[in-house]
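Structure, as structure tokens:
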Amino acid sequence: MGTQLLSDSTPSGGASLSSRIVVAFKKGEMDPLGSSLEKSVGRFLNIHAQSIRTRRVYTINAEISKNEADSLAANLFVDPVTECRAKDSDNGFDWIVEVGYKPGVTDPVGKTASSAAREILGSKAEYGIGTATQYLVKGVGREAIDRMVNELLVNPLIENVRVFSREEVHASGIKALHYELGGRAVPQVGVRDLNVSDDELVGISRKGVLSLSLGEMKTIQKHTQSMQFTESRKKIGMPQEFLNKLTDAELEVIAQTQSEHCKHKIFNGNIRYSEDGGQEEEINGLFGTYIKAPTERMLAQYPWILSAFSDNAGIVDFGNGMLIADKAETHNAPSALDPYGGAITGILGVNRDVLGAGLGAKPILNIFGYCFGNPFYSGELKGGILHPSRIRNGVHRGVIDGGNQSGIPLADGFEIFDDRYGFRPLVYCGTIGIMPKSILGRSSYVKKAEPGDAVVMVGGRIGKDGIHGNTFASEALTSNSPVQAVQIGDSITQKVMADFLIEARDLGLYRSITDNGAGGLSSSVGEMAKDTGGCTMDLEKAPLKYSGLEPWEILVSESQERMTLAVEPAKVDELVKLAAKRGVEATVIGEFNGSGMFHVKYGQMTVAYLDMGFLHGGFPKMDMEAQWKTVLHDEPDFKSPEKLDGTLKEMLARLNICSKEYRMRQYDHEVKALSVVKPFVGKDLDTPSDATVSIIRPGSTEGIVVARGMNPYYSDIDTYHMTASVIDEAIRRAVAVGAKLPSNKDIMYALDNFCWNLAAVDSDEGKLKMGQLVRSNRALAEYCEAFGVPCISGKDSMKNVWKLKEKLGDKEIEKVISIPPTLLFSVRAKMEDVSRAVTMDAKKDGDIVYAVGMTYDELGASEYFAYMGEKARGTPYIGNRVPKVDAHRAKETYSALGRAVETGCIASAHTPTIGGLGVAAAQSAFAGGLGMEMDLAKVPYSGQGRDDYIMFSQSNSRFIVTVPPERKREFEDIMKGTVFAEVGRIDGSGMLRVKGLSGAYVIDSDLAMLKDAWKRTLEGV
Amino acid sequence: MADNNKVKVLIPSGYGLNCEEETAFGYRMAGADADIVHINDIIEKPGTMDDYHILALVGGFSDGDHIASGKVHANRLKYRLGEPLQKFIDEGKLIIGVCNGFQAMIKSGILPAVGKDYARQTVTLTYNDSGKFEDRWVHLKSNPKSNCIWTAGIDRLYLPVRHGEGKVRIQDENVLNSITSSGQIALYYSIPESGEIAMEKDYPHNPNGSALGIAGLADPTGRIFGMMPHWEGFMSPYNHPAWTRLKREGTLPREGPGLAIARNGVRYAAERLV
């Protein structure tokens, strides 16, 4: 890798090698960043500084005169009203902590500043502006400063930090950091000799972070020993030393193409499966058998599915000449190491998936879902992991910046907490895009590169960021995971590129498009080259952020904000010209052809010359074993509390139920003016919707419903019922706002995102985890077919574990911490007329409250059991009666509700999820700013007759519906044949009063007080 | 063929601006022709601006809000389009900026243009007191003493704000006196119950801590105007965050009241400029 020079420049008179401009708030101006840091330092570190103020530092890495520096300060960096230029030594601090990016890490602000400086100085020079933040801390000692730096302020993977005491600053000031990235002057191609022992093969894979198994290494070894391999290389004049050996780049390309991240080996491999020691059966690929096949069987029924599981995103025909592209992704490993960078890259990456679907869809809605450790965790942090609250902060900030800055509204977002995610957070990001069905007479959902088309790279430049990101995602995390696996997204570079691409698309300037994400050019060009059967590419032409990259690094770098296009030769000029006018770089770097070879050069040097057939199909499928063993947990044994007021209040305050509004408000959910049922509804606009509804363009009344289901806790009992439950949850959330089940005209589809916990598939534990995966997939296939809801896109992330080395006596043992098997099931539906949408808030006193669906004593892995267990013994009760789904009955209920929505007789609908009926009733009532009276004896229920069970059971397929009294008959007629009952009334009392089975009130609580408890937990956190 | 009797609205796009489509839709609803043109194409042919009566600077994250929100966008207007902009203003045409567009107008000096100097920054829009970007709906009231043509006839409005840097700070007493005495404060945040102006500390009604509760400012002529809230965020009645409740009460408006802003501009231009 390149050399990094980091030195203090020597300021001299006149023009200097680099200049610093320090910008401070004027005296008396507020400093929100400083104030919020003061609070965080107090809350998380128990350090109470007298004050923390911030300043911004711009370092101009070019020779400029003092006048020029003054002009930049006055016209660009300093706000004349609130800010002033400062000297480092200006008073008011004991310490200065200066934090900037490490060399080579994307500094988006610096990049903007450099081009803005050119405008002001009227020059074309490269200013190489770097930015840093100074924290001026008063009233704490060195030890506190070190803790702030290490535990809150600085991520050493990507940031540089310098700490100065007041004395140091006064004595010698702060010098500008000047850095250059450099490497070998002449890039080189390295040799990888695989004619070695098995042990050495394993060593090569491990040292190179290639994530290739011994079997795979041997397949490659064999390939390099074939005559054909040698002969073909001779023919193109490759040097002798490469004739039966790979180049460094080739091994990287193969590793990347073959990575779990790209190839989904576990989902495509052969499995021998058995349940509870019973007979073994063969499963020929989970993906083909349980995910793709059910959708294929439904295709004939649903003409609106245009593309499922083949493009970067699923594509459906939304009617009136518009298509929807939809995709959800995870970005877990990077978010664990650098939460901000990992998360922003996650959301921008899935935006690009949609931009690369068909001829390119324009993102119109974003979705997030996070699984975190408890943000209030107070135990020891082991193995170099970041505190859960810090991960959470960074992830939120990343997706907030990525989404808001791209002008894409947030349609739905949720958080789930469990300490097992403390080591490995899950960061789901989804995007929905829109495109015309026909563009200049071409169907927009099909695309194909043709031989002779130019390979054009568009967008950001290539740096060392993200090298090995995809192979690394396929690895278990350790504290030694590679630094360069982290990228920082630059939303604005991407937004500018995205606008350009849509413009170019509508002018018909390219023939095919795909995202440059995991695996970089190697992956994007390699995939597109399958259309024509080969390509040539010259890496010397690829624009770089800085010199010093080796060819293999250019090829596999995962630098963000790039797309690859196939452009017919006659249109190359026009495309490149338009790009230049839009401030976007577009560079021809090669040509697609039918040579059968993936041929990469650097100038005259061949960097890679691989057979396309071998690259994409040369490896045997993985063989795995999977075993399911039924687990029996202790059945908790406690009596129902007589009164449930306190229980309900504490349940509402629990992390998985409480309000998440503080964070959610920071996501723009309204740009584009599409949102109809917003993430928050109710009288005070502060209670979460079951699902959201957005129109697809201004002026339209056609909307898209966005809903999801997730409940990893059920996996502790049975991943089959976990899966059935989350499918049902997502569908019934959609139904609650007014969605209809799918038909040949009614659109409803789903996306599946598996996050599993396989450290090694071949271990005993691995087999059991595979067994859980098989059961989950079976449920997915069965319930998708039973509900008739097709999956059109999906993704998996299989290795969400953290390997921790612990000392046991004088021995070091490796401990593996796994996330619970987690499935995000996302449902979307078309709503023909959004004015029919229903929200969850009770609307008016006098309205009738109905409980729809059957309640059972299904409290296995419920929030109530967790709460009672934690209260009694410090750990959750789990139990065994996990909620199940009767799809047949559920479908009847959902169809009937759909008809009721159509007639407009429903005032509100809310589906119980975590926390059950009790929580749902409270939410519906306080959202309406009203009161509710309910009788548990009237709730359709089958069980041992406990008030607490009826209140907190998490049985599926249920709703609380309110109906205006004058429409009672109509509603009941429509619902006939389904399970439902009138259970109470909405009133204006501001109280929730629930009568227990004995006839006495078990809840008689002030709703404002309940709401306050529900709001308080994460307010400001 | 363009209709010569129609009001024409120019909406620059690019560099991270992102409200151009709904804004164009709004002006079309108000009866105008609206064209979205990349700002680089306007810079290349500044004469383009002669064809238009209204310049609408839209919201978004121009240049990522790097350095300060709207700052780089402002510099681009100032350094690359300074002359045609001044001409546009001198010809009595209309300019409106929303959110990021407002920030750019403030930072380039187009607003509040104290003493009709359209190139000197005297006010700023800085970080919200809450220290974060927030998306929430706010109640607004107009200043009856203002000559702003964009808010004329509008008493109250309810619109979303979506920004992290929307707090108005005024350079000094002179500027303050000047904009108050000439009625340049066209729009205030307000407290729904009392109808009073929501002052600096009245969070969340004043969502950012703006001085004097300022939500929108006009130039001395009243033709040039900027506001932080998004009028184009409330064009459909179903954009209202509690529309299902209004529907039940029977108070759902026929169209989103935000459109009143666009209708004002288009009406003025139709009467005086076409």
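None of these values were measured; they are calculated from a predicted model.
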* Go through A837(A), S35(A), G583(A) and name the one with the most non-hydrogen pairs under 4.5 angstrom from chain B. => A837(A)

* Would you mind telling me which of L252(B), I43(B), T126(B), D63(B) has the largest number of heavy-atom pairs within less than 4.5 Å of chain A? => D63(B)

* **Side chain, backbone, both or neither of R80(B) within contact of chain A (heavy atoms, under 4.5 Å)** => side chain

* Asked: NZ of K844(A): more than 12 outside heavy atoms within 6.0 angstrom?
  -> no

* Asked: By a 4.5 Å heavy-atom criterion (distance strictly below it), what part of E249(B) contacts chain A: side chain, backbone, both, or neither?
  -> neither

* Asked: So do the side chains of L578(A) and V584(A) get within less than 4.5 Å of each other, counting heavy atoms only?
  -> no

* Asked: Between the side chain of S108(B) and the main-chain N/O of K78(B), is any donor-acceptor distance below 3.5 Å?
  -> no

* Would you mind telling me which of T701(A), I120(A), V496(A), V834(A) has the largest number of heavy-atom pairs within less than 4.5 Å of chain B? => I120(A)

* Asked: Does any non-hydrogen side-chain atom of V72(B) lie less than 4.5 Å from one of Y15(B)?
  -> no

* Mind telling me whether H240(B) and Y158(B) have parallel, tilted or perpendicular rings, with 30° and 60° as the class edges? => tilted

* **Minimum-distance pair of heavy atoms, taken over all atoms of I214(B) and L217(B)** => CG2-CG, 3.8 Å

* **Interface moiety of N404(A) toward chain B, non-hydrogen atoms closer than 4.5 Å** => both

* To do: Check whether K362(A) gets within reach of chain B through its side chain, its backbone, both or neither, counting any heavy atom under 4.5 Å.
  => side chain

* With only heavy atoms counted, which part of S491(A) is less than 4.5 Å from chain B, the side chain, the backbone, both or neither? -> neither

* Segment of T23(B) engaging chain A (4.5 angstrom heavy-atom cut-off) -> neither

* Mind ranking R397(A), R582(A), E29(A) by heavy-atom pairs under 4.5 Å with chain B and telling me who comes out on top? => R582(A)

* Which bit of V175(B) is near chain A, if near means a heavy-atom gap under 4.5 Å: side chain, backbone, both or neither? -> neither

* Asked: Are side-chain heavy atoms of P257(B) and F234(B) found at a separation under 4.5 Å?
  -> yes

* **Minimal non-hydrogen separation, G489(A) against P108(A), with atom names** => O-CG, 4.2 Å

* To do: Please name the pair of heavy atoms, one in V81(A) and one in I170(B), separated by the smallest distance, quoted to 0.1 Å.
  => CG1-C, 4.0 Å

* To do: Please determine, among N75(A), V677(A), D499(A), the option with the most heavy-atom pairs under 4.5 Å with chain B.
  => N75(A)

* Return the minimal non-hydrogen interatomic distance between A215(B) and L140(B), and the atom names on each side. => CB-CD2, 3.6 Å

* Asked: What part of L33(A) is in contact with chain B, defined as an atom under 4.5 angstrom from a non-hydrogen atom: side chain, backbone, both or neither?
  -> neither

* Structure fact -> Residue from E503(A), R697(A), K678(A) scoring the most non-hydrogen pairs under 4.5 Å with chain B is K678(A)

* Checking L17(B) against chain A: side chain, backbone, both or neither under 4.5 Å from a heavy atom? -> backbone

* To do: Kindly compute the distance separating OG (S675(A)) from CG (D135(B)), expressed to the nearest 0.5 Å.
  => 8.0 Å

* To do: Please flag which part of R665(A) lies under 4.5 Å from any non-hydrogen atom of chain B: side chain, backbone, both or neither.
  => both

* Below 4.5 Å from any heavy atom of chain A, which atoms of E232(B) appear? Answer side chain, backbone, both or neither. => backbone

* **Which atoms of K683(A) approach chain B - backbone, side chain, both or neither, heavy atom under 4.5 Å** => both

* Using non-hydrogen atoms and a 4.5 Å limit, figure out which bit of K581(A) sits close to chain B: side chain, backbone, both or neither. => both

* Kindly check if the number of other-residue, nucleotide or ligand heavy atoms within 6.0 Å of CD (E966(A)) is above 12? => yes

* Under 4.5 Å from a heavy atom of chain B, the part of D668(A) involved -> both

* Structure fact -> Looking only at A116(A), P80(A), S36(A), the option with the highest number of non-hydrogen pairs under 4.5 Å against chain B is P80(A)

* To do: Before giving the answer on side-chain contact (heavy atoms from CB on, under 4.5 Å), spell out for H230(B) and C19(B) the whole-Å C-alpha distance, their side-chain angles and the decisive distance to 0.1 Å.
  => CA-CA 9 Å; H230(B) 291 267; C19(B) 296; 4.0 Å; yes

* **Contact leader toward chain A among R248(B), E22(B), R245(B), R136(B), where contacts are heavy-atom pairs under 4.5 Å** => R245(B)

* Proximity breakdown for A117(A) and chain B, heavy-atom pairs closer than 4.5 Å -> neither

* Minimum-distance pair of heavy atoms, taken over all atoms of L410(A) and M664(A) -> CD2-CE, 3.9 Å

* What part of A68(B) lies closer than 4.5 angstrom to a heavy atom of chain A: side chain, backbone, both or neither? -> neither

* To do: Heavy-atom distances under 4.5 Å only: say whether D847(A) touches chain B with side chain, backbone, both or neither.
  => side chain

* To do: Sort A842(A) into side chain, backbone, both or neither according to what part of it lies under 4.5 angstrom from a heavy atom of chain B.
  => backbone

* **Criterion salt bridge (Lys or Arg N to Asp or Glu O under 4.0 Å) on K71(B) and E165(B), from CA distance to verdict** => CA-CA 12 Å; K71(B) 182 68 183 181; E165(B) 298 174 47; over 6 Å; no

* Checking heavy atoms, do the side chain of Y58(A), its backbone, both or neither come under 4.5 Å from chain B? -> side chain

* To do: Would you mind telling me which of G256(B), G131(B), G64(B) has the largest number of heavy-atom pairs within less than 4.5 Å of chain A?
  => G64(B)

* **side chain to side chain donor-acceptor pair (under 3.5 Å) assessment of H73(B) paired with N100(B)** => CA-CA 9 Å; H73(B) 187 26; N100(B) 201 222; 5.4 Å; no

* **Side-chain donor or acceptor of R28(B) paired with backbone N/O of A34(B) under 3.5 Å** => yes

* Asked: Is it the side chain or the backbone of D65(B) that comes within 4.5 Å of chain A heavy atoms, both, or neither?
  -> neither

* To do: Could you look at F133(B) and say if it's the side chain, the backbone, both or neither that has a heavy atom under 4.5 Å from chain A?
  => both

